[in-house]
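Worksheet for the structure shown next.
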Number of protein chains: 2
Amino acid sequence: MSSKQDWTDSFPPLRQLPEEVFAQLREASLIVELPEGSRIFGPGQAPESFLLLLDGTIRVQQTSESGREIVLYRVQAGESCALTTACLMGYEEYQAEGIAESRIRAVAIPRALFDRLIATSREFRQFVFTAFSRRVTNLFRVIEEVAFERIDVRLAQKLLELAGAKPQVVATHQDLANELGSAREVISRQLNEFARRGWLRVARGIVEITDRPALARLAQHG
Amino acid sequence: MSSKQDWTDSFPPLRQLPEEVFAQLREASLIVELPEGSRIFGPGQAPESFLLLLDGTIRVQQTSESGREIVLYRVQAGESCALTTACLMGYEEYQAEGIAESRIRAVAIPRALFDRLIATSREFRQFVFTAFSRRVTNLFRVIEEVAFERIDVRLAQKLLELAGAKPQVVATHQDLANELGSAREVISRQLNEFARRGWLRVARGIVEITDRPALARLAQHG
DNA sequence: CGAAGGTCTGTAACTAAGTCACCGAGACCG
DNA sequence: CGGTCTCGGTGACTTAGTTACAGACCTTCG
């Protein structure tokens, strides 16, 4: 489950760190691997270390009492679980949960080393605060979108985001509703409307985008 | 606008800091005062220093393109502007803005000193990360409420929060709508419904709570 | 193969929330 | 006193979310 090997090449954002910091990291950190679907952290389950993702993605989401879900953000390979760690460093009990969306490989920096690195390396501080900054800014955007953006616009944005360069999104209507904190029926209606306009085709568990420009126009608040 | 004087008694949460850290703070920090309504920070206006609020409150809010607003959180006396500072330490341009809700007095810790304190004091690190943790956890709750909670429940919660121990809330319907990221008409209707049930009385710019238990019951998702 | 059960999607009727357009009451000020 | 501005009220309408189904499709297993 863990091994000491040189992972530094897989992690571009940390390359600017001075050599002595690197040495500490290589020395004292573990590489952990977890299977798809693992719950990395959740309510009443604080993470024990600061994670740097080497491979895979972690989905961070919130579930309401009534069972509805919303995706807050994703941690991609090359990024850190900074927010989570802040909560680990603080005292507050954490409501969100983190799920491995695929098999993941990560560098686990123990709490003591994390604290030492923060104390000794200006570059490491910069790295951590930048990661914070990005997440918090992104959370603000999530709030704005949930509060003020139309659901069709948000769905178009999300479809393009999830598709990336690929022509199709593999997700059920319920999955998409969970992404946006909406309801399945609402998403079904919107997808059928998009399909009626010829922007995409829907099949069981698959949305195939056929008119990307049209979706992009709507996504940019058209 | 600024002076060197002993503010340490006004700031309980920092009392645990060791004496030498205190000495640095007293030495190199400024006390700033700003009038009510000041814009502390906003889009394209990054704060120059880490703020510890001695008196007053700062309202942090987000405004959409269409002009609708939502209050993200408030910084109270005795707290720090930690999130803002994270964004200042990072690179990302900040979308939210901070407004002084009353005349405020704050300790401004220059960036260089902030960085030095983070590096040298474990207690200061703990203080900053705890502040982070609290804000982020709170942001998660805001997202959950905006996404999933009914507007009448949210309004009841907000009225109780704004009233505190006082019997009345001084705010227009538009103000309350901005608190919740909702629309004025919606809030008016809800207030009138509450009034019809005898839970409160409304006058121009004032909501007077007359049945606190009833509001509290609704607020706890009744 | 064919029945059984689970998952996924469709639909209609309804409620809740937000939008639009307009109005009138009250406060404020010269 | 009259004009102007802020605040709140109202009704018709659109959008989003809820409830309660039904039916289609997929997998599994006898």
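All chains are named by letter (A, B, ...) in the order of the sequence lines, taking the proteins before the strands, and each is independently numbered beginning at 1. Quick note: numbers below take in every heavy atom, side chains included, and nothing from hydrogens, waters or symmetry partners. All values reported here derive from a predicted model rather than from experimental measurement.
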Touch class at under 4.0 angstrom, heavy-atom based, for A147(B) against every strand present: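 Result for A147(B) = nothing.
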
Sugar-phosphate only, base, or nothing, as touched by R150(B) at under 4.0 Å among non-hydrogen atoms: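 Here R150(B) touches the backbone only, sparing every base.
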
Within the 3.5 Å criterion, strictly below it, is a donor on [X] or [Y] matched to an acceptor on the partner's side chain?
X	Y	value
R189(A)	N192(A)	no
E144(A)	S64(B)	no
E101(B)	T57(B)	yes

Would one find a side-chain N or O of [X] under 4.0 angstrom from OP1 or OP2 of [N]?
X	N	result
S182(A)	dG17(D)	yes
H173(A)	dG10(C)	yes
N192(A)	dG10(C)	yes
S188(B)	dG9(D)	yes
R68(A)	dT18(D)	yes
Q190(B)	dA16(C)	no

Do [X] and [N] have a side chain to base donor-acceptor pair shorter than 3.5 Å?
X	N	answer
R184(A)	dG10(C)	yes
E185(B)	dC20(C)	yes
R189(A)	dT14(D)	no

Between P of dT19(C) and CD of E149(A), the distance in whole Å: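 So the CD-P distance, E149(A) to dT19(C), works out to 11 Å.
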
Candidate nucleotides dC20(C), dC25(D), dG18(C), ranked by approach to the side chain of R204(A) - the nearest: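 That would be dC25(D).
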
R201(A), CZ: over 12 other non-hydrogen atoms inside 6.0 angstrom: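 It does not: R201(A) CZ has 12 such atoms or fewer within range.
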
